[in-house]
Amino acid sequence: LPDFLPKAQWQRSVVHWYRNVLSEVPKRLMKDVSAMLKAIHAQEDRAAADRKVVDVVEKLRGMKRNKAATCVGEGALETLRCMYFPRAHRTWIRTNNT
């Protein structure tokens, strides 16, 4: 692929990232954690999303969900590459699920 699209950036699937994070929390907390994850991607720009990632990691650590916090901290930025593009394009490139 680098031969054909040398400047293309890789973006992790949001759905798969959600699954990885949610696999680290008990079922009773899945709705709350899912709302936190969605809030990251609902931010208006990349800087706000980066701050939200830090907030979510801290909140998860406060809930004693260290594995989920690590998963968010290590993987969230891979799902935010679409934030480098104009807002009108983000919904189309945020996920690879057509």
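Everything quoted here is computed from the prediction, not taken from an experiment.
From Lys27, atom NZ reaches atom CG of Leu29 across 12.5 Å, with rounding to the nearest 0.5 Å. Remark: Met63 CE to Lys59 NZ distance equals 8.5 Å, nearest 0.5 Å. Separating the SG atom in Cys71 from the CG atom in Leu22 is a distance of 9.0 Å, to the nearest 0.5 Å. To the nearest 0.5 Å, atom OH of residue Tyr18 and atom CE of residue Met30 are 14.5 Å apart.
Partners of Asp50 according to the side-chain contact (heavy atoms from CB on, under 4.5 Å) rule, which considers only residues two or more places apart in sequence or in another chain, are Arg46, Leu77, Leu80. Residues passing the side-chain contact (heavy atoms from CB on, under 4.5 Å) test with Ala47, sequence neighbours excluded: Asp45, Arg51. Residues forming a salt bridge (charged side-chain N to carboxylate O under 4.0 Å, His left out) with Asp32 (at least two apart in sequence, or on another chain): none. Checked against side-chain hydrogen bond (donor to acceptor under 3.5 Å, both in side chains), Asp55 has no partners two or more places apart in sequence or in another chain.
Judged purely by atom type and a 3.5 angstrom limit, Glu24 has no side-chain atom pairing as donor or acceptor with the backbone of Asn20.
Val72 places a side-chain heavy atom less than 4.5 Å from the side chain of Ile40. Met36 places a side-chain heavy atom less than 4.5 Å from the side chain of Leu60. Residues Val53 and Val56 form no side-chain contact, since every pair of their non-hydrogen atoms from C-beta on lies 4.5 Å or further apart.
Applying the side chain to side chain donor-acceptor pair (under 3.5 Å) rule to pairs touching residues 67-77 yields nothing, sequence neighbours excluded.
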